[in-house]
Amino acid sequence: MGLLLFCIVFSSPAYASASGPVIKRFQAGGAASGTSQQEYIEIYNDSLQDVDITNWCLYYNDLSQVSCFSPPDAGTKLFLSAKSFVLVVSPQLLATNPTMTYDFTYKSGFTTNIPGTNGTLSLVDSLTSLVVDRLGWGNGVGEGVSMSGNLPGGQIFERIQDTGNNSIDFTVKSSPALLQSGGVYEQAVPIDVCPNTLAIDSVVPVGYMQDADGNCYEDVCDNITGLQKVVSSGYYRSGIDCHIVQLKINEVLPNASGSDTGKEFIEIYNPTNYAVSLGGYQLQLGPSYSKNYPLPSVSLDSGEYVALLDSQTGITLPNSSASIKLLTPDGQTVDETDVYQDPGDDQAWAVFGGVWQYTNQPTSGFLNKEPVASGYGSGTTSLKSCPAGKYRNLETNRCRNINSGTSILKPCRAD
């Protein structure tokens with residue numbers, strides 16, 4: 001794909017301007033007979049401005065990379081001074097002149113010589129794929145009409161002007177005794193570690209973190225590991241920290257009278273000052289807690305109750321014994337019920353003053369109601385709450401110890 005791209009770009013080159021870096025001299029075919037690989041290329045900045053040549057490259061026949069002007073690191077750029085030269089030499093020429101001054105050598109992967117018979121030499125800005133300048137000779141494709149091929153040994157192509165026509169812009173002459181070099185200089189550039197922000201940041205600003213793409217964003221939850229671009233569902237922000245919205249499981253109806261389907265519910269209460277969506281929250285059914293049941297995206301305002309039916313949660317509550325956990329979207333346990341055992345018909349497992357106990361007055365989506373004493377009219381007389389660690393047995397009206405450990409299932413009743 002890379003080669004195809006260059007073929008497409010080079011087929012319609014943007015010719016070098018009358019002022020800027022151009023191919024000044026090029027020796028193909030070697031300095032003399034039998035020295036075909038002793039070659040050099042001079043680039044000249046024919047302008048009054050220094051030019052950024054970082055990662056510009058020379059190509060032979062648009063496909064083979066001869067040499068690139070590569071900086072030592074990402075924080076450095078290379079500039080060619082005004083009215084100055086860049087000298088690129090082959091390793092073979094350098095071997096015969098080890099003390100010569102030069103700027104770049106041919107790439108180690110470029111092992112062939114550039115023949116003086118036919119060819120194309122292009123100077124390309126690799127960042128934009130723009131052809132800055134091009135020389136063609138023989139049947140090579142250049143600017144305008146190509147130069148004649150079969151360049152004799154020791155002779156060079158030398159630019160005398162820049163009209164966009166190789167046949168009149170270049171001449172053939174003997175190589176000069178002194179090759180021009182030394183016009184390249186390095187300039188440190190600030191590395192912007194946050195390319196998506198307006199400022200140039202050499203380090204990630206305090207309170208920010210980088211995402212996988214290298215962009216920087218404010219970490220809105222300083223106390224949570226990793227970048228939090230927004231406050232996650234189930235959390236609220238206080239200062240620079242984020243905290244879990246402490247929702248509560250308030251009531252459970254596992255054994256509705258008649259068919260349980262569509263009547264069982266798990267009630268969630270929001271005792272905090274923060275509205276929250278239940279989307280992403282999960283329920284787990286004990287004692288195994290082996291499966292997560294995601295909750296629907298129901299909004300729960302401050303002080304509000306919501307009763308989720310079995311059709312909404314996907315949970316079929318056992319009539320024998322179980323417990324329920326509520327988890328945040330990121331898997332943190334928010335609340336957990338005590339274990340209920342053998343609830344009677346329409347007996348809800350509800351919390352009163354932090355104590356779980358049965359009540360014969362289920363309140364779907366409302367404040368829990370204390371159980372009504374057996375034998376009295378509904379709502380006329382109620383029993384006092386059982387002490388901590390106990391719940392009321394609605395068949396005997398006596399307080400019983402709460403077994404919060406793992407329950408042992410009992411045989412089902414007749415029918």
Side-chain angles (χ1 to χ4, degrees), residues 9-10 13-28 39-60 62 65-90 93-94 97 99-107 114 120-137 142-144 147 156-192 200:
V9 173
F10 292 168
Y15 295 130
S17 64
S19 180
V22 293
I23 299 170
K24 180 65 175 178
R25 298 185 180 94
F26 170 48
Q27 183 177 66
E39 302 165 350
Y40 71 87
I41 305 166
E42 280 183 1
I43 308 298
Y44 179 60
N45 181 9
D46 189 23
S47 74
L48 299 177
Q49 303 291 329
D50 295 359
V51 176
D52 182 356
I53 61 169
T54 306
N55 292 322
W56 286 20
C57 296
L58 287 162
Y59 283 85
Y60 168 58
D62 296 346
Q65 199 175 79
V66 180
S67 182
C68 285
F69 309 149
S70 302
D73 52 62
T76 304
K77 286 189 174 183
L78 299 181
F79 286 84
L80 176 56
S81 301
K83 303 297 181 180
S84 298
F85 289 86
V86 175
L87 178 60
V88 183
V89 300
S90 68
L93 180 60
L94 183 60
N97 299 274
T99 61
M100 71 182 303
T101 302
Y102 65 96
D103 297 296
F104 299 95
T105 64
Y106 287 9
K107 292 185 65 175
I114 302 177
T120 300
L121 183 67
S122 302
L123 178 63
V124 180
D125 181 349
S126 296
L127 180 63
T128 62
S129 296
L130 176 70
V131 179
V132 180
D133 194 20
R134 173 177 280 182
L135 167 63
W137 64 98
E143 297 178 1
M147 288 290 292
I156 64 170
F157 294 119
E158 181 171 316
R159 181 183 290 279
I160 55 176
Q161 59 184 354
D162 188 12
T163 67
N165 189 336
N166 290 163
S167 64
I168 61 176
D169 289 345
F170 285 85
T171 187
V172 176
K173 61 185 299 184
S174 298
S175 179
L178 179 64
L179 303 183
Q180 302 290 327
S181 65
V184 179
Y185 66 90
E186 297 180 357
Q187 180 173 303
V189 294
I191 299 176
D192 189 3
I200 297 178

ask   = What's the verdict on salt bridge (Lys or Arg N to Asp or Glu O under 4.0 Å) for Asp46 and Lys24, showing C-alpha distance, side-chain angles and the deciding distance?
value = CA-CA 9 Å; Asp46 189 23; Lys24 180 65 175 178; over 6 Å; no
request  = Quick one: do Leu58 and Ile43 satisfy side chain to side chain contact (heavy atoms under 4.5 Å, CB included)? Show the steps, please.
outcome  = CA-CA 10 Å; Leu58 287 162; Ile43 308 298; 4.1 Å; yes
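Under the 3.5 Å distance criterion, with hydrogens and angles disregarded, a donor-acceptor pair is assigned to the side chains of Thr163 and Asp169. Judged by distance alone, the side chains of Asn45 and Ser81 never bring a donor and an acceptor atom under 3.5 Å apart. Glu39 and Tyr106 share a donor-acceptor pair across their side chains, judged by distance under 3.5 Å alone.
Leu93 has its side chain out of reach of Tyr102: every pair of non-hydrogen atoms, C-beta onward, lies at least 4.5 Å apart. Side-chain contact between Pro71 and Asn55 is present, with heavy atoms from C-beta onward closer than 4.5 Å. With contacts defined as side-chain heavy-atom distances shorter than 4.5 Å, the pair Pro176/Leu178 does not qualify. Within the 4.5 Å cutoff, no side-chain heavy atoms of Ser181 are placed close to those of Leu179. No side-chain heavy atom of Asp52 sits under 4.5 Å from any side-chain heavy atom of Gln187. Using a 4.5 Å heavy-atom threshold, the side chains of Leu78 and Phe104 count as touching. The side-chain heavy atoms of Arg25 and Tyr44, taken from C-beta on, include no pair separated by under 4.5 Å.
Here the CZ atom belonging to Phe170 is positioned 4.5 Å from the CG atom belonging to Leu135, to the nearest 0.5 angstrom. Note that CG of Leu121 is 4.5 Å distant from CD1 of Ile41, once rounded to the nearest 0.5 Å. Atom CG of Leu123 and atom CD1 of Ile23 lie 6.0 Å apart (nearest 0.5 Å). To the nearest 0.5 angstrom, Ser126 atom OG is 10.0 Å from Phe69 atom CZ. Remark: Ile156 CD1 to Tyr40 OH distance equals 4.0 Å, nearest 0.5 Å. For the atom pair Thr171 OG1 and Met147 CE, the distance stands at 6.0 Å (nearest 0.5 Å).
Closest of all the heavy-atom pairs between Pro190 and Ile200 is CB-CG2, 4.0 Å. Across all non-hydrogen atoms, the minimal contact from Gly183 to Ser84 is CA-CB, 3.7 Å. What you find for Gly75 and Asp73 is that their closest heavy atoms are N-OD1, 2.9 Å. Taking all atoms of both residues into account, the shortest heavy-atom contact from Thr105 to Ser67 is O-OG, 2.9 Å. Listed here is the closest heavy atom pair of Gln65 and Cys57: NE2-SG, 3.8 Å. Nearest approach of Asp62 to Ser122, heavy atoms of both residues: OD1-OG, 3.2 Å.
Of the possible donor and acceptor atoms, one in the side chain of Asp103 sits under 3.5 Å from a partner among the backbone N and O of Gly182.
The aromatic ring centroids of Phe26 and Trp137 lie less than 6.0 Å from each other.
Using bins of under 30°, 30° to 60° and over 60° for the plane-to-plane angle, the ring pair Tyr185/Phe79 lands in the parallel bin.
Just one of Leu87, Val22, Val86, Val88 meets the side-chain contact (heavy atoms from CB on, under 4.5 Å) condition when paired with Glu42; it is Leu87.
Environment of NZ in Lys173: sparse, with no more than 12 heavy atoms of neighbouring residues, nucleotides or ligands closer than 6.0 Å. Within a 6.0 Å radius of CD in Gln161, other residues, nucleotides and ligands contribute more than 12 heavy atoms.
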